[in-house]
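Worksheet: the structure to be examined is printed underneath.
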Number of protein chains: 2
Amino acid sequence: MTARGAATRARIVEAAAGLIYDRGVGGTSLDDVMRASSTSKSQLYHYFADKDALIGAVIQAQTCRVLAFQATLLDHVETLAGLRGWRDAIVAATEAACGVGGCPLGTLGSELADRSENARALVAEGFQAWELRLASCLRRLREHGELDPGAEPNDLAASLIGALQGGLLLAQTTRTVRSLKLVLDMALEHVGSRAKAGVL
Amino acid sequence: MTARGAATRARIVEAAAGLIYDRGVGGTSLDDVMRASSTSKSQLYHYFADKDALIGAVIQAQTCRVLAFQATLLDHVETLAGLRGWRDAIVAATEAACGVGGCPLGTLGSELADRSENARALVAEGFQAWELRLASCLRRLREHGELDPGAEPNDLAASLIGALQGGLLLAQTTRTVRSLKLVLDMALEHVGSRAKAGVL
DNA sequence: CCACGACTGGACTTGACAGTCCATATGTCT
DNA sequence: AGACATATGGACTGTCAAGTCCAGTCGTGG
């Protein structure tokens with residue numbers, strides 16, 4: 001693929017990701033994508049076998065987006081108190097959007113998991129990667145003596161992500177950030193309960 | 001509406017709810033509903049103004065279904081240990097289905113919240129009702145001296161539901177019950193941390 | 001410069017879907 | 001019985017979406 005081709009492909013994925021985030025997979029037609037990316041049908045079908053292939057690329061793009069955002073929040077976290085900054089940033093972002101949109105990965109998972117095995121697996125990979133990054137951040141905290149040596153970074157990471165997904169789903173449907181705050185605070189408290197004695 | 005009419009209407013809603021639970025709103029056509037309920041177009045449009053109106057009825061039906069299921073689990077809970085039965089039943093049901101389907105209310109919320117304000121509000125009402133029932137169960141526990149007088153039943157209920165939603169979403173996309181278990185155990189531990197001194 | 005593969009434009013086909021329309025049936029009340 | 005509201009059958013329309021096809025253009029290596 002030439003540089004021009006790669007740019008076109010990227011433009012298509014970018015546009016599709018935006019439309020799908022706003023309107024869902026079912027609510028986004030290829031004609032919408034063409035308009036938003038200034039491309040033609042032949043271009044879409046030149047770079048993607050069919051709509052499902054495009055969706056697959058969108059899932060991977062959204063995974064990258066989520067991981068990048070999480071990295072900006074987690075990379076400099078060195079203490080349990082720092083983890084609260086993660087919570088606050090997510091709550092602030094959700095509040096700013098009134099919950100609209102939700103998690104780019106979570107909404108895709110909910111819409112596609114039971115409809116396309118391929119899509120489901122891709123979203124699951126995204127969550128897996130996310131959990132790994134979060135776990136390694138927690139492992140760092142444990143190494144720094146913030147967390148008890150018996151704390152399980154992998155399990156804690158899964159709980160944190162689960163709490164976040166539930167909170168975002170409720171924020172999306174209630175247009176309120178109340179449940180998100182409660183569930184994230186619960187998760188933080190849970191991590192805190194695995195703090196090394198004397199740290200808190 | 002005559003009794004026969006009411007029966008027809010109920011058959012339509014029932015069939016639509018089943019199809020939508022399996023295939024999503026976008027993946028369910030009115031022709032599908034007709035076939036599954038043995039009705040004709042005129043009947044659909046006799047009882048519902050348009051597809052959105054039918055979806056609204058489906059949301060209310062699924063709300064009833066969820067509340068009824070939750071009632072069977074919660075009505076006889078009188079202790080914190082009893083609450084663990086609630087967790088176990090949900091995990092068992094999810095495991096049996098390999099996570100497929102998810103929460104009838106949660107999946108509808110995720111698909112519709114940003115697409116239809118009316119649908120969003122209906123799903124939000126459903127969650128609200130659910131939270132109320134769960135909170136009154138927790139309040140009973142508090143009255144029975146299981147929970148500390150300072151425990152907040154409403155907040156605890158919201159956390160429990162949020163954790164459940166996140167766990168079900170992850171179960172659906174990973175086809176694993178691991179995150180669901182972790183997040184529900186975390187929520188139970190959180191409730192336990194509000195137990196009356198000496199109960200645990 | 002020219003040949004060939006990568007790339008692009010856009011018309012066209014096919015099918016599905018929401019919603020309309022009118023004719024007919026059913027049942028109840030008088 | 002018969003009038004009238006409720007209920008039902010099913011053909012029809014218009015729209016929109018996915019996917020196909022072919023005629024071109026671009027750009028780079030030989």
Side-chain angles (χ1 to χ4, degrees), chain A residues 1-59 61 108 111-112 114-119 122, chain B residues 1-59 61 108 111-112 114-119 122:
Chain A
M1 195 185 311
T2 68
R4 183 169 57 127
T8 301
R9 202 194 113 106
R11 217 165 68 241
I12 292 171
V13 173
E14 180 87 6
L19 289 170
I20 287 174
Y21 184 64
D22 289 340
R23 297 143 57 160
V25 173
T28 303
S29 74
L30 296 184
D31 294 83
D32 293 335
V33 176
M34 283 165 52
R35 265 188 295 277
S37 62
S38 302
T39 52
S40 68
K41 260 275 153 86
S42 356
Q43 286 172 290
L44 284 191
Y45 281 92
H46 183 71
Y47 296 104
F48 304 97
D50 52 21
K51 190 178 178 182
D52 284 350
L54 173 58
I55 303 304
V58 166
I59 295 172
L108 286 172
E111 185 173 359
L112 299 172
D114 293 350
R115 253 63 84 193
S116 155
E117 173 54 25
N118 179 53
L122 285 173
Chain B
M1 195 184 313
T2 68
R4 184 168 56 127
T8 301
R9 202 195 113 107
R11 217 165 68 242
I12 292 170
V13 173
E14 182 87 5
L19 288 170
I20 287 174
Y21 183 63
D22 289 340
R23 296 138 63 156
V25 173
T28 302
S29 74
L30 296 185
D31 294 85
D32 293 335
V33 176
M34 282 164 53
R35 265 187 296 276
S37 61
S38 303
T39 53
S40 67
K41 259 267 151 96
S42 355
Q43 286 172 290
L44 284 190
Y45 281 91
H46 183 70
Y47 296 104
F48 303 97
D50 51 21
K51 191 179 176 180
D52 284 350
L54 173 58
I55 303 302
V58 166
I59 295 173
L108 285 171
E111 183 173 359
L112 299 172
D114 293 351
R115 252 63 83 194
S116 154
E117 172 54 24
N118 179 52
L122 285 173

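Using modelled atom types, one side-chain atom of Glu111(A) and one backbone atom of Gly26(A) make a donor-acceptor pair closer than 3.5 Å. Of the possible donor and acceptor atoms, one in the side chain of Asp50(A) sits under 3.5 Å from a partner among the backbone N and O of Ala53(A). Between the Ser116(A) side chain and the Leu112(A) main chain, no donor and acceptor come within less than 3.5 Å of each other.
Among the nucleotides dA6(C), dG19(C), dC21(C), the one closest to the side chain of Thr2(A) is dA6(C). Comparing dA7(D), dG9(D), dA18(C) by their nearest atom to the side chain of Ser40(B) picks out dG9(D). Closest approach to the His46(A) side chain among dA6(C), dA18(D), dG19(C) is made by dA6(C) (side chain taken as heavy atoms from C-beta onward). The side chain of Gln43(B) lies closest to dG9(D) when the candidates are dG10(C), dA18(D), dG9(D).
Between the CG atom of Asp50(A) and the C1' atom of dA17(D) there is a distance of 14 Å, rounded to whole Å. If you measure from atom CZ of Arg11(A) to atom P of dC7(C), you get 13 Å, rounded to the nearest angstrom. When the C1' atom of dA18(D) is taken as reference, atom CG of Leu30(A) falls 6 Å away, rounded to whole Å. One can place NZ of Lys51(B) at 16 Å from P of dC16(D), the figure rounded to the nearest angstrom. Between the C1' atom of dG10(C) and the CZ atom of Arg35(A) lies a distance of 14 Å, rounded to the nearest Å. In this structure, CG of Asp52(B) is placed 17 Å from P of dC17(C), rounded to the nearest angstrom. Atom-to-atom, CZ of Arg9(A) to C1' of dA6(C) comes out at 15 Å; the value is rounded to the nearest Å. The CE atom of Met34(A) sits 15 Å away from the P atom of dC12(C) (whole-angstrom rounding).
As judged by a 4.0 angstrom heavy-atom cut-off over every strand, Phe48(B) is placed among residues making no nucleic acid contact. Using a 4.0 Å heavy-atom distance criterion, Ser29(B) is classed as a sugar-phosphate-only contact.
Each of Lys41(B) and Arg4(B) lies near DNA chain C, and the nucleotide nearest Lys41(B) is the one positioned closer to the 5' end. Residues Thr8(B) and Asp31(A) both approach DNA chain D. Their nearest nucleotides, taken by heavy-atom distance, put Thr8(B) toward the 5′ side.
Across Val25(B) and Lys51(B), no two heavy atoms sit closer than the pair O-NZ, 3.4 Å. Closest heavy-atom contact between Ala57(B) and Arg9(B): CB-NH2, 4.0 Å.
Within the 4.0 Å cut-off from OP1 or OP2 of dT8(C), at least one side-chain nitrogen or oxygen of Tyr47(A) is found.
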